[in-house]
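For reference, the structure discussed in these notes is given below.
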There are 2 protein chains.
Amino acid sequence: MRPQKAEKTDEVQGLPRITKQRRAIFAALQGDASHPTAEEVYLRVKEELPHISLATVYRNLKLLARQGLIREISTGEGPNRYDFRTHEHAHFQCDRCGRILDVEMGLPRELTRDLERTGFRVRSHELVLHGLCPDCGAASSAD
Amino acid sequence: MRPQKAEKTDEVQGLPRITKQRRAIFAALQGDASHPTAEEVYLRVKEELPHISLATVYRNLKLLARQGLIREISTGEGPNRYDFRTHEHAHFQCDRCGRILDVEMGLPRELTRDLERTGFRVRSHELVLHGLCPDCGAASSAD
DNA sequence: ACCCGATTTGCAAATGCGTCGCAGGTGTTA
DNA sequence: TAACACCTGCGACGCATTTGCAAATCGGGT
């Protein structure tokens with residue numbers, strides 16, 4: 001059986017392969033709650049695969065995100081970040097320390113339902129909150 | 001009475017002036033619900049001030065946003081966009097036509113209240129929804 | 001109206017982040 | 001193992017935005 005070919009008129013590329021780079025990048029993300037940037041993932045993976053290219057890291061992070069295996073976060077401030085947790089949740093970026101923290105917060109159904117009633121089709125959403133995280137909020141009070 | 005000087009240890013710059021460029025940029029945004037990019041604002045303002053620089057447009061859009069006179073939107077896809085409406089509302093970006101539409105949707109109080117109860121201080125949030133807008137949703141059904 | 005100093009502008013160069021083209025390497029199926 | 005599509009590493013490129021700097025401008029005080 002031949003590998004599945006692109007059949008749609010769309011530019012669908014064939015099935016992704018499991019290369020050692022792709023595996024290493026995915027593995028580097030597992031369990032890492034720090035929401036690393038591509039650059040940070042690159043540095044980490046480099047320890048295992050010293051010859052890996054930054055472009056490869058970018059390509060694979062994008063690909064893994066398209067596959068839904070990881071999540072891509074754009075905060076509108078600095079480079080994109082990546083999250084191994086793919087379930088619905090929001091992100092909180094601290095104004096002071098810049099860290100991004102996961103926030104278990106789903107968008108109320110009724111909000112999107114209202115939208116869909118007016119003809120929209122909601123596929124996904126991205127919610128980023130800004131302010132002070134517990135650590136920095138406390139430090140700031142002390143000032 | 002002397003003009004107010006920067007007194008804080010922080011790098012606070014003096015009071016913003018009302019230059020014709022700044023006024024024109026702000027004016028260009030008023031009533032424009034299309035969420036233009038800096039480039040688009042630049043082209044529009046250029047008609048009135050042919051010698052204006054793109055850098056000036058960038059600088060002023062950032063400044064106006066810091067002043068809270070306009071809102072900066074980063075969709076994580078392409079350049080930043082600007083919105084003359086500063087009240088709390090979300091944005092919907094259409095997967096097909098790329099347009100950004102305003103969505104009158106506020107984040108439920110209880111969600112942020114829960115967060116603040118765990119030590120966070122929420123200053124603002126940015127909510128971007130993705131999917132198909134009414135126009136494109138209909139077109140897509142026809143395919 | 002004129003001064004004066006801080007802010008702003010225009011310009012070009014620089015930066016940051018990410019993508020692309022290509023030649024050679026590698027995973028996967030037959 | 002052959003074949004071929006997918007992938008990789010590399011450097012060059014692209015877009016969006018920022019920055020350095022000298023000249024222009026704003027706006028309060030005189």
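The chains referred to below are lettered A, B, ... by the order of the sequence lines, with proteins before strands, and numbering in each begins at 1. These numbers come from a predicted model, not from an experiment.
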* Take atom CD of Glu77(A) and atom P of dG16(C), then tell me their distance rounded to the nearest Å. => 15 Å
* Asked: Contacts to DNA chain D from residues 48-55 of chain A, heavy-atom cutoff under 4.0 Å, which residues?
  -> His51(A), Ile52(A), Ser53(A), Ala55(A)
* Asked: Ile18(B) or Pro79(B): which one's nearest nucleotide on DNA chain D is closer to the 5' end?
  -> Pro79(B)
* Structure fact -> With the side chain defined as heavy atoms from C-beta on, Arg17(B) is closest, among dT7(C), dT28(C), dT17(D), to dT7(C)
* Asked: Is the backbone of Leu107(A) close enough, under 3.5 Å, to the side chain of Glu88(A) for a donor and an acceptor to pair up by distance?
  -> yes
* To do: Using only side-chain N and O atoms of Thr19(A), determine if any of them is under 4.0 Å from OP1 or OP2 of dC6(D).
  => no
* His130(B) side chain to Glu77(B) side chain, donor-acceptor N/O pair below 3.5 angstrom -> no
* Asked: With sugar-phosphate meaning primed atoms plus P, OP1 and OP2, does Gln21(B) contact a base, only sugar-phosphate, or nothing at under 4.0 Å between heavy atoms?
  -> sugar-phosphate
* How close or far is atom C1' of dT7(C) from atom CG of Leu64(B), stated in whole angstroms? -> 15 Å
* Asked: Quick one: do Glu116(B) and Arg121(B) make a salt bridge, cutoff under 4.0 Å?
  -> no
* To do: May I ask you to say what Lys62(A) touches in the nucleic acid, namely base, sugar-phosphate or nothing, with a heavy-atom cut-off under 4.0 Å?
  => sugar-phosphate
* Asked: When you check the side-chain N and O atoms of Tyr58(B) and Lys62(B), is any donor under 3.5 Å from an acceptor?
  -> no
* Asked: Looking only at side-chain N and O atoms, does Asn80(B) come under 4.0 Å of OP1 or OP2 in dA16(D)?
  -> no
* To do: Provide, to the nearest angstrom, the distance between the CG atom belonging to Asn60(B) and the C1' atom belonging to dC26(D).
  => 14 Å
* Does Gly76(B) offer a backbone N or O that forms a donor-acceptor pair with the side chain of Ser74(B) under 3.5 Å? -> no
* Would you kindly check whether a donor in the side chain of Arg59(A) faces an acceptor in the base of dG18(C), or vice versa, at under 3.5 angstrom? => no
* Structure fact -> Whole-Å distance, Gln67(B) CD to dT7(C) P, equals 13 Å
* Select from Lys20(A) and Val57(B) the residue whose nearest nucleotide in DNA chain C is closer to the 5' end of that strand. => Val57(B)
* Atom NE2 of His51(B) with >12 non-hydrogen neighbours under 6.0 angstrom -> no
* Taking CG from Leu63(B) and P from dC26(D), how many angstroms apart are they, rounded to a whole number? -> 16 Å
* To do: Please indicate whether Arg117(B) has more than 12 foreign heavy atoms, meaning atoms of other residues, nucleotides or ligands, lying under 6.0 Å from its CZ.
  => yes
* For the pair made of OH in Tyr42(A) and C1' in dC17(C), what is the distance, rounded to whole Å? -> 15 Å
* Quick one: is dT18(D) close enough that its OP1 or OP2 comes under 4.0 Å of any side-chain N or O from Tyr58(B)? -> no
* Respond yes when some side-chain nitrogen or oxygen of Arg22(A) is under 4.0 Å from OP1 or OP2 of dT8(D), and no when none is. => yes
